Amino acid sequence: MDEEKKEGERLIKVETRLENIEVAVTRMEEKLDKWHDSYVTRIEVTEMLRARDEKIARLEKEKMAEKQSYPSWLNVIIAIAALLVAWFHGK
């Protein structure tokens, strides 16, 4: 009788541990599913980086074009100033 009681207690402990292991495995599977859903493939990363590089290159070209237009605008301002001086001087 004592032997059966010990065996029953041991069986209950083993079942409890097994249930805990099942819960842990289920949680790990859920975490793995979430990770898999948010995983970005190498191809997607490469495409995102390529698009970013293209945008940076385009912005740099626009910035360079803007800087190159500064002398032209300066010439326009000087010409307007000269016209104003000539106009007011002529009066």
Side-chain angles (χ1 to χ4, degrees):
M1 192 72 169
D2 226 14
E3 187 68 31
E4 289 178 10
K5 186 177 178 183
K6 287 182 181 179
E7 186 64 27
E9 289 175 357
R10 190 181 71 78
L11 187 57
I12 290 173
K13 287 180 183 178
V14 170
E15 287 177 351
T16 304
R17 286 183 179 171
L18 182 60
E19 287 174 3
N20 290 338
I21 291 171
E22 287 175 350
V23 170
V25 168
T26 303
R27 286 189 2 230
M28 289 188 335
E29 286 176 344
E30 289 171 355
K31 287 180 181 180
L32 186 60
D33 288 342
K34 286 180 185 178
W35 177 80
H36 183 69
D37 289 341
S38 65
Y39 179 75
V40 180
T41 63
R42 180 176 285 176
I43 294 169
E44 291 172 336
V45 170
T46 302
E47 181 61 28
M48 289 184 332
L49 292 175
R50 186 190 59 76
R52 184 206 61 184
D53 292 344
E54 287 177 359
K55 185 175 182 178
I56 290 171
R58 181 179 44 96
L59 290 173
E60 286 175 348
K61 285 181 184 178
E62 289 175 3
K63 189 174 182 180
M64 184 61 72
E66 185 179 308
K67 284 183 179 179
Q68 289 175 348
S69 69
Y70 288 159
S72 299
W73 282 109
L74 185 60
N75 287 336
V76 169
I77 292 171
I78 292 171
I80 290 173
L83 284 173
L84 290 174
V85 168
W87 188 54
F88 283 117
H89 192 286
K91 282 190 170 185

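Keep in mind that what you see is a predicted model, and the values were worked out from it rather than measured.
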Listed by chain and number, what are the side-chain hydrogen bond (donor to acceptor under 3.5 Å, both in side chains) partners of [X], not counting sequence neighbours?
X: E9; value: none
X: R52; value: none
X: E7; value: R10
X: E66; value: Y70

Considering only residues two or more places apart or on different chains, which pairs with a residue in residues 18-38 satisfy ring pair (Phe, Tyr, Trp, His ring centres under 6.0 Å)?
W35-Y39

Using the test side chain to side chain contact (heavy atoms under 4.5 Å, CB included), find all partners of [X] that sit at least two apart in sequence or belong to another chain.
X: L59; answer: K55, E62
X: L83; answer: none
X: T16; answer: I12, N20
X: S38; answer: none

Would you please name every residue forming a ring-ring contact (aromatic ring centres under 6.0 Å, His included) with W73, sequence neighbours left out?
none

Going by the rule salt bridge (Lys or Arg N to Asp or Glu O under 4.0 Å), which residues pair with R42 if we only count those two or more places apart in sequence or in a different chain?
none

Cluster check W87, I80: I/L/V/M/F/W/Y, side chain < 4.5 angstrom:
yes

Are I77 and V85 co-members of a hydrophobic cluster defined by side-chain heavy atoms under 4.5 Å apart?
no

Do the non-hydrogen side-chain atoms of K63 and K67 ever get within less than 4.5 Å of each other?
yes

Presence of salt bridge, R50 and E47, under 4.0 angstrom
yes

Pairs touching residues 17-41 that satisfy salt bridge (Lys or Arg N to Asp or Glu O under 4.0 Å), sequence neighbours left out
none

Do other residues, nucleotides or ligands put more than 12 heavy atoms under 6.0 Å from the CD atom of E4?
no

